[in-house]
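Structure first, then comments.
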Number of protein chains: 2
Amino acid sequence: MNLSDFLKQFVSFPPEELEDIISHFEKEIVQKNKTLVTQGQVCNKLYFIEEGVGRSYYLKEDGKEITQWFFIEGKFMSSIESFFQQVPSLYYLEMLEDSTIYSITREKLDALFAKYHDMEKFGRLLSTEMLTRVVNKLNALQFQTARERYDYMLTEFPNISNRVSLGHIASYLGMTQETLSRIRRNDSPKRP
Amino acid sequence: MNLSDFLKQFVSFPPEELEDIISHFEKEIVQKNKTLVTQGQVCNKLYFIEEGVGRSYYLKEDGKEITQWFFIEGKFMSSIESFFQQVPSLYYLEMLEDSTIYSITREKLDALFAKYHDMEKFGRLLSTEMLTRVVNKLNALQFQTARERYDYMLTEFPNISNRVSLGHIASYLGMTQETLSRIRRNDSPKRP
DNA sequence: TGTATCCTTTGACCTATGTCAAAAAGTAAA
DNA sequence: TTTACTTTTTGACATAGGTCAAAGGATACA
């Protein structure tokens, strides 16, 4: 999905607004393993992924990486609270495949929010949608077993497992790689 | 904190806009244990708490209640994804103290979003703020021990523990009441 | 001011998941 | 196709936190 179609999903922009908005994004081709943002740095870009996969991850004191979120094509990617509150990012942002992305700076985005009421609405709807998705994950982590959390993930990110490593998925789900491997072994989808 | 001050924290509304906006809210005095929304029902009001505490909770198959969020005075309260996506609520909303709240329907709120660009901006900022808070809890649940999660909660909701029951807090933190009781017993604040 | 009800603590025991270590299976590079 | 490296699986063992049951404390109301 391209950026224009994505924007139109949320708000029916007049064509000339849409064109103006899109003209403020910059296309970037990035390679697998490229780090977009480092822990401690303020993230001042919002990215739209046209093609590819990325993740945000947190580095623990003991050096272990904890995946916080996956971002796939047709979605926005950012270190959310760093971008919106302009505070140092707790996370790294990294691409996991060769990808085509479009980026916009905080300044330009704010200008668009101020210029177009429609854009402000888009921003609001995008936030609430993301909020919904985060709440779903929260529920999974708060009251589900390891097995159920794995099932949740398959609905949130279908076939992500062919694209990213087991270790990344395990930490995303708040479990170890060994536990996830054992869950997969008994892989009849859970029936209650 | 009252509604007017809360709105002004996010956006500097012109006085007449502010007045118009506030006039669409309805004041309600509700008693302790009042249920505002039931699981399965679409939540079509957003509440502002002027005084009091509430919570959202989920009822598991085995009848156990799991607190999902606490809402205190000076904050908005709702079954977020039910209100914004107009789908049946997964949660109950309940007040835990006698409270003074202000409510607005989805229709009226949408009309205000459409009427005032400033209000749309307020909506966007409110969503991103809530998103940030939810992400913080997500992190706590995803990679912290029971003890650390308890410490996290004390920063997110200082002295909530004097106002709501231990069982509510425990389920909010994804642990049993017994575990929380044991954590509290050894209550020297964790030093790393 | 006693009685019923609810909330919190404690103890004994159990289990899901983590930890550590090594083997096996993939993947890439030469 | 051999070598080196990364990822996944497996096994043995450890432990945080859950479960169940009962005893204390609070609180409310009659």
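Protein chains get the first letters and strands the later ones, always in sequence-line order, with residue 1 at the start of each.
Per the geometry, NE2 belonging to A:His168 stands 13 Å off P belonging to D:dT6, to the nearest Å. When the C1' atom of D:dA16 is taken as reference, atom CZ of B:Arg185 falls 14 Å away, rounded to whole Å. Separating the CD atom of B:Glu148 from the P atom of D:dA16 is a distance of 13 Å, rounded to the nearest angstrom. Following rounding to the nearest Å, A:Arg184 (CZ) and D:dT8 (P) show an atom-to-atom distance of 7 Å. In this structure, B:Gln177 atom CD and D:dG24 atom P are separated by 18 Å, rounded to whole Å. Here D:dT10 presents its P atom at 12 Å from CG of A:Leu166, a figure rounded to the nearest Å.
Ring centers of A:Phe76 and A:Tyr47: at least 6.0 Å apart, outside the cut-off. Between B:Phe25 and B:Phe48, the ring center distance fails the sub-6.0 Å criterion.
With sequence neighbours excluded, no residue forms a salt bridge (charged side-chain N to carboxylate O under 4.0 Å, His left out) with A:Glu17. Shown here are the salt bridge (charged side-chain N to carboxylate O under 4.0 Å, His left out) partners of A:Glu19, two or more places apart in sequence or in another chain: there are none.
When all heavy atoms of B:Gln142 and A:Leu173 are compared, the pair lying nearest together is NE2-N, 4.4 Å.
Under the side-chain contact (heavy atoms from CB on, under 4.5 Å) test applied with A:Ser78, the options A:Cys43, A:Ser56, A:Ser103 reduce to a single match, A:Cys43.
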**Message:** For a quick check, with a 4.0 angstrom heavy-atom cut-off, what is the B/S/- contact string for nucleotides 12-29 of chain C, read 5' to 3'?
**Reply:** B----SSBBB--------
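The terminal axes of the helix from C:dT1-D:dA30 to C:dA30-D:dT1, fitted over 5 pairs per end, subtend an angle of 50° to the nearest 10°.
Heavy-atom contacts from other residues, nucleotides or ligands closer than 6.0 Å to CD of A:Gln31 number 12 or fewer.
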Please tabulate, one pair per line, all N/O donor-acceptor pairs under 3.5 Å involving side-chain atoms of residues 86-94 of chain A, not counting sequence neighbours.
from, atom 1, to, atom 2, distance (Å)
A:Gln86, NE2, A:Phe83, O, 2.9
A:Ser89, OG, A:Ser79, OG, 2.8
A:Ser89, OG, A:Tyr91, N, 3.0
A:Ser89, OG, A:Tyr91, O, 2.8
A:Tyr91, OH, A:Gln68, NE2, 3.4
A:Tyr91, OH, B:Asn139, OD1, 3.2
A:Tyr91, OH, B:Asn139, ND2, 2.3
A:Glu94, OE1, A:Arg55, NE, 2.8
A:Glu94, OE1, A:Arg55, NH2, 3.1

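Within residues 152-165 of chain A, no residue is approached by DNA chain C to less than 4.0 Å at the level of any non-hydrogen atom.
Residues A:Ser171 and A:Glu65 have side chains that never bring a donor and an acceptor to within less than 3.5 angstrom of each other.
Between B:Trp69 and B:Arg133 there is a side-chain heavy-atom pair separated by less than 4.5 Å.
For B:Lys64 and B:Tyr58, the positive end is not near the middle of the six-membered ring at less than 6.0 Å and at most 45° from its axis.
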